[in-house]
Amino acid sequence: MAAYYPQPSGSMMRQDPPVPAGEMLKLLDELAAFSAPGPGVTRLLYTPEWCGVQHFLQERMTGLGLEVRMDQVGNVYGRLAGSEASDKVILTGSHIDTVVNGGRYDGAYGIAAAVTALHYLQATFGQPLRTLEVVSFCEEEGSRFPLTFWGSGHVTGLYSGSEGLDCADAEGITMGAAMAACGLGGIAVSGAEAAAGLEGSYRFKDSPVRSDVAAYVELHIEQGIILERTSRKIGVVQAIAGQRRYLVKVCGTANHAGTTPMGLRQDALAGSAEMLLALERSAVAEGDPLVATTGRLEVSPGTPNVIPGEVQFTLDIRHSEAGTLERFCAAILAEFAELSGRRGLTLAVQQQLDTTPVPMDQELCATLEEICLGQDKPYRCMVSGAGHDAQLFASLCPAAMIFVPSRGGISHSPGEYSSPEELAAGLEVLTALLYRLAYIEN
């Protein structure tokens, strides 16, 4: 069906054909070709595949008439300058890196759609009032180095650059060395700075933190099953969930499996199993959008005829409201402590991660809902349980996220799939929002 765009006066609706999705789908195929050998797509930060795809994007966007640049960490930008005398930018895009043996849509879809949307808007409506800019963030996944959001974190001030020297991959290559091999990065301090006690630190040649972003919009696959199960074409993300991650250690007494009576055991695994069942029961009772997961469990000594004396397991708990997240975590850890005491076990809990829930901009969310209604696209307001670059921008500017369905909820896998029709629907919604933000008088 036809997309609709308000006239510059805002008084009438203008009908235009749908944004042609073929360009975006072709670009997605071309991006997927930049991959290390193996199943799916593997494109890790500062590898030859990564360098190739970022240079390819620069060439493609230059050919479309955009002003292109790459910053010091390898984020790539394509700018469509506006006519207003303002330095404010409407920024849209996603990340170009992948997990090992990942899919072709996570991150890349948001970039391919953004490039296509800007090309369409320029060809159809000409120069915008406000500047539009595509970004291909260099990294978000944390797949090569033990850092996440390196691209958007560098732009928003989460990282200073000092992390580059000591942060190393599995082969011992530091991020600073990997950046230098790609012709990127800052400079290690020397001379007077080293004499002043700064030796071993790292700085960039100029500040990368951007204060010119008026709004950030990210289009992404859902990476979950909710949209597919509810037959919705679009997800309007209201918030990105906060996350608590813990390492739990339960200690009992390892003893002979045949000679120790059941009533005299201090079985760390049996106690842990009761805790995990309590976790599931409490999470189900709390209801959506809270989720709680144990993804790793290690049993010691791990021998068939020995009662487990020690168990370590992880907890990953997420919710979109900080108060609920805090309350749930406190309650479940108190229940773990009670269970441990009753069974004669000892309990140690180490918190490893604490991220705050991030709401998206409510005005942009309302606009997205209006666009979905106008385009007759069934939509759902929802919470993102996964982290995204948009959460880093939310404290700096209005931020919004648009989801499209993922078949079977599968992501970070070669089986990741969204249909061409679903991808096209997301493109049309993104394009309509960018039009409103950049072409309509305030």
Side-chain angles (χ1 to χ4, degrees), residues 19 21 23-32 34 41 43 50 53-54 56-57 60-61 64 66 74-78 80 89-99 102-121 132-141 148-152 155-156 213 215-224 227 233-237 240 360 364 368 371 382 384 386-394 399-406 411-412 416-420 422-434 437:
V19 186
E23 177 183 339
M24 175 190 68
L25 298 174
K26 182 175 183 293
L27 181 53
L28 270 173
D29 287 341
E30 292 170 329
L31 297 179
F34 292 90
V41 179
R43 190 166 51 237
W50 178 93
V53 78
Q54 289 292 63
F56 169 80
L57 280 169
R60 174 59 54 86
M61 291 192 290
L64 295 177
L66 303 180
N75 296 321
V76 168
Y77 301 91
L80 178 58
V89 170
I90 310 301
L91 186 64
T92 182
S94 193
H95 61 95
I96 198 62
D97 68 312
T98 73
V99 298
R104 63 169 55 204
Y105 304 102
D106 181 1
Y109 169 50
I111 297 167
V115 171
T116 303
L118 262 66
H119 185 209
Y120 171 82
L121 289 170
L132 283 164
E133 197 166 273
V134 176
V135 60
S136 172
F137 286 121
C138 64
E139 192 275 344
E140 183 248 31
E141 298 285 8
T148 56
F149 302 109
W150 177 243
S152 57
V155 171
T156 57
V213 181
Y216 175 75
V217 183
E218 185 170 0
L219 175 60
H220 209 279
I221 59 170
E222 181 193 351
Q223 301 179 279
L227 292 176
K233 289 185 177 181
I234 299 292
V236 178
V237 178
I240 297 174
M360 297 290 96
L364 288 179
L368 285 170
I371 289 169
M382 60 190 303
S384 172
H388 296 284
D389 293 304
Q391 70 194 65
L392 274 67
F393 281 91
M401 284 206 75
I402 307 162
F403 279 171
V404 299
S406 296
S411 184
H412 285 183
E416 182 178 273
Y417 181 76
S418 298
S419 72
E422 291 164 339
L423 298 173
L427 171 63
E428 290 183 357
V429 172
L430 172 68
T431 305
L433 179 59
L434 295 178
L437 293 174

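Note: hydrogens, waters and symmetry copies are ignored here, and every other heavy atom, side chains too, is used.
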Validation row: Cys138, Trp50 side chains within 4.5 angstrom (heavy atoms): yes
Atom pair CD1/CD of Ile234 and Glu222 - distance to nearest 0.5 Å: 11.0 Å
Partner set under side-chain contact (heavy atoms from CB on, under 4.5 Å) for Ala394, not counting sequence neighbours: Val358, Met360, Ala399
Under 3.5 Å side-chain donor-acceptor pair for Ser419 and Glu422: yes
Least distance between heavy atoms, Leu27 atom then Ala112 atom: CD2-CA, 3.7 Å
For Ser152, side-chain contact (heavy atoms from CB on, under 4.5 Å) partners two or more places apart: Phe137, Phe149, Asp389, Leu392, Phe393
4.5 Å side-chain heavy-atom contact, Leu91 and Val217: no
side-chain contact (heavy atoms from CB on, under 4.5 Å) assessment of Leu132 paired with Val89: CA-CA 6 Å; Leu132 283 164; Val89 170; over 6 Å; no
Partners passing side-chain contact (heavy atoms from CB on, under 4.5 Å) against Ala114 (at least two apart in sequence or in another chain): Thr92, Val134
Non-neighbouring partners of Phe34 that pass ring pair (Phe, Tyr, Trp, His ring centres under 6.0 Å), sequence neighbours left out: Phe56
Between His95 and Glu139: side-chain donor-acceptor atoms closer than 3.5 Å: no
Closest non-hydrogen atom pair between Met401 and Ala390, with its separation: CG-CB, 3.5 Å
Heavy-atom pair with the smallest gap, counting every atom of Ala117 and Thr431: CB-OG1, 3.4 Å
Partners passing ring pair (Phe, Tyr, Trp, His ring centres under 6.0 Å) against Phe403 (at least two apart in sequence or in another chain): His388
Min side-chain heavy-atom separation Leu423-Met24 under 4.5 Å: yes
Point-to-point distance, once rounded to the nearest 0.5 Å, from CG of Leu364 to CG of Leu437: 6.0 Å
Side-chain heavy atoms of Val404 within contact of Lys233, under 4.5 Å: no
Leu64 vs Glu23 side-chain heavy atoms within contact, under 4.5 Å: yes
side-chain hydrogen bond (donor to acceptor under 3.5 Å, both in side chains) partners for Gln223, two or more places apart: Asp106, Ser411
Ile402 side, atom CD1; Ile371 side, atom CD1 - distance, nearest 0.5 Å: 7.5 Å
Set of residues satisfying salt bridge (Lys or Arg N to Asp or Glu O under 4.0 Å) with respect to Glu133, sequence neighbours excluded: Arg79, Arg210
Interatomic distance, Ser418 atom OG to His220 atom NE2 [nearest 0.5 angstrom]: 10.5 Å
Minimum side-chain heavy-atom gap Val236-Met382 below 4.5 Å: no
Rounded distance [0.5 Å steps], CG in Leu80 versus CE in Met61: 12.0 Å
Closest heavy-atom pair and its distance - Ser406, Ile221: OG-CB, 3.6 Å
Sidechain-backbone polar pair: Trp150 side chain, Glu140 backbone, donor-acceptor under 3.5 Å: no
Contacts of Glu218 that satisfy side-chain hydrogen bond (donor to acceptor under 3.5 Å, both in side chains) - sequence neighbours left out: Ser94, Tyr216
Closest contact, heavy atoms only, Leu219 versus Ala113: CD2-CB, 3.5 Å
OH on Tyr109 to CG on Leu31, rounded to 0.5 Å: 13.5 Å
Thr98: side-chain contact (heavy atoms from CB on, under 4.5 Å) partners, not counting sequence neighbours: Val41, Arg43
Side-chain heavy-atom pair Val135, Val76 within 4.5 angstrom cut-off: no
Nearest heavy-atom neighbours spanning Ala400 and Leu368: CB-CD1, 4.2 Å
Full working for side-chain contact (heavy atoms from CB on, under 4.5 Å) between Arg104 and Asp29: CA-CA 8 Å; Arg104 63 169 55 204; Asp29 287 341; 2.5 Å; yes
